[in-house]
Amino acid sequence: MTSSRQPRTQWLGRWGFMLAATGSAVGLGNIWKFPYMTGEFGGGAFVLVYLTCIFAVGVPVMMVEIAFGRRGRGSPVDAIRRVVNESGRSSAWSLIGWMAMLCGFMILSFYVVVAGWSFSYLWKMLTGGLAGSSVDEMAAVFGANNANPLNLGFWSTLVTLATMLIVGKGVQQGIEKSVSWMMPGLVIMLVVLIGFGMFSGGFGAAVNFLFSFNAGSLSSEGLLAALGHAFFTLSLASGAILTYGSYLPKDASIGRTTVSVAVADTVVALMAGLAIFPVIFANGMNPGEGPGLIFMSLPLAFQAMPLGTLFGILFFLMLSMAALTSSISMVEATVSWLCDNKGISRSAAAWGTGIVLWLISTLAMLSFNLGADWTLAGKNFFDWLDYLTSRWMMPLGGLGTVVVAGFVLKSETFRDELGLAPLPYALWLTMVRYVSPLGIVVIFVDALGVYQVSFAAHWPWLLGILFAMVALGETLSPRLRTALSAG
């Protein structure tokens with residue numbers, strides 16, 4: 001295999017990939033979770049730590065995934081197999097691609113249910129179905145929305161149909177054409193909502209909440225939150241970015257493109273905070289309510305403000321588009337693999353995948369109503385999908401990807417694909433071999449709840465482990481490549 005292998009189609013340009021990758025990264029979690037964490041864990045201090053984690057862990061891993069995709073020109077399974085074979089390594093490493101593809105599909109199986117909430121609330125806002133005079137009443141509306149399997153099933157089915165309709169049209173006519181208006185539209189709506197917030201009376205408090213530099217409140221919990229969100233927010237280890245990378249033109253710079261996506265993702269998340277929190281503070285509400293902030297407090301706040309219905313419609317329309325751009329990316333790996341390996345059309349692959357997705361997502365949807373008591377080890381079906389993907393498959397997949405890139409492949413494989421000068425390439429390789437794996441291991445251990453890391457007490461140990469990894473890696477690297485190059 002050579003690096004000149006071409007996919008059936010490519011993005012029309014670097015801009016198309018940037019919009020699609022940013023759309024994949026900007027989902028429901030970014031709209032409320034990142035702004036909330038920023039205010040909770042130190043404002044500007046948290047943002048600085050988060051950006052450091054993005055560039056130390058997220059960006060190097062994202063560059064690996066894009067390079068794998070473009071070099072291998074295929075689904076995660078095919079791309080990783082082709083690249084490791086090019087280096088004379090075992091095709092067994094393609095198991096990482098299988099796990100990434102399965103992980104993305106499993107995430108989407110419960111994500112369409114959550115995305116259905118956004119579409120449901122958009123409809124309620126349009127039809128006046130979000131009337132209530134207290135957070136408790138809004139909580140009752142939210143509970144009733146989930147308790148009705150026909151209602152919740154309808155909206156999750158609608159998300160599934162919209163996703164497959166877009167993906168089935170292809171990379172350029174479906175995905176790229178859709179994100180080319182959805183992502184700019186999302187940003188425009190954020191700007192309008194921020195403008196609205198500037199006159200709400202709570203804008204100053206929101207800015208202080210998000211950007212005040214309070215290093216004293218940046219606890220070890222905040223550091224872990226920044227590290228974990230930096231990894232998960234970029235849609236890593238779920239097959240989405242690797243598959244999108246397989247459509248990236250050869251002349252596009254992977255480094256510049258990756259940094260642009262990471263910056264855009266962060267900017268959109270902070271803009272979401274500037275759109276949401278002025279309304280919350282103007283109405284004297286608690287900004288730390290998690291999902292309830294979006295589906296309980298915010299609708300109540302919109303009711304109490306001039307033109308609140310109009311801006312509520314804009315907000316839930318924006319939320320729905322953010323959910324849809326993410327769902328599109330998570331299914332593309334599966335559709336790409338079916339097209340590449342089963343010889344079927346993209347449309348057939350999309351709708352066939354959609355049927356399976358609908359069946360599994362229906363079980364996830366029933367976890368909120370008829371199947372709430374169908375549990376195993378205290379978790380229902382929805383909880384198990386979330387637990388297996390976020391706590392096991394994504395960290396392990398990310399770790400496997402950087403180990404292959406840093407230690408298994410021939411050194412010239414990614415040096416050629418990334419096109420970096422010697423010094424930037426050496427920095428990237430150091431990050432991929434040592435810094436990113438250490439960060440992912442910390443995320444993995446913390447997610448499993450094995451122990452609570454106190455950086456104030458344990459940073460010397462972590463630094464020692466990092467230096468030990470560097471020394472051991474440099475000593476064993478040639479031997480590892482030889483040992484891992486079976487058949």
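Count residues from 1 along the sequence.
- Ring-plane geometry between Phe46 and Phe34 is classed as tilted, the angle between the planes lying from 30 to 60 degrees on a 0 to 90 degree scale.
- Checked by atom type and distance alone, the side chain of Arg81 never pairs as donor or acceptor with a backbone atom of Ser91 at under 3.5 Å.
- Between Val113 and Asn146, the closest side-chain pair of non-hydrogen atoms is not below 4.5 Å.
- With hydrogens and angles ignored, the 3.5 Å screen pairs no side-chain donor or acceptor of Ser367 with any backbone N or O of Ala372.
- Looking at heavy atoms from C-beta onward, Ile294 lies in side-chain contact with Ile276 at the 4.5 angstrom threshold.
- Each of Glu417, Glu65, Glu412 was compared with Arg71 under the salt bridge (Lys or Arg N to Asp or Glu O under 4.0 Å) criterion, and only Glu417 meets it.
- Sorted pairs that involve residues 369-379 and meet salt bridge (Lys or Arg N to Asp or Glu O under 4.0 Å), not counting sequence neighbours, are lacking altogether.
- Taking the six-membered ring where the residue is Trp, the centroids of Phe119 and Phe316 are separated by 6.0 Å or more.
- Side chains of Ser24 and Ser235: a donor on one and an acceptor on the other come within 3.5 Å.
- Take Phe232 and apply the ring-ring contact (aromatic ring centres under 6.0 Å, His included) test, not counting sequence neighbours, and it matches no residue.
- You'll find the side chain of Val167 reaches within 4.5 Å of the side chain of Glu332, heavy atoms only.
- Relative ring orientation between Tyr50 and His229 is described as tilted, the plane-to-plane angle lying within the 30° to 60° band.
- To the nearest 0.5 Å, atom CG of residue Asn145 and atom CH2 of residue Trp123 are 13.5 Å apart.
- Between the side chains of Thr163 and Ser327, at least one donor N or O lies within less than 3.5 Å of an accepting N or O.
- Taking the six-membered ring where the residue is Trp, Phe368 and Phe382 present perpendicular rings, their angle passing 60° and hence far from 30°.
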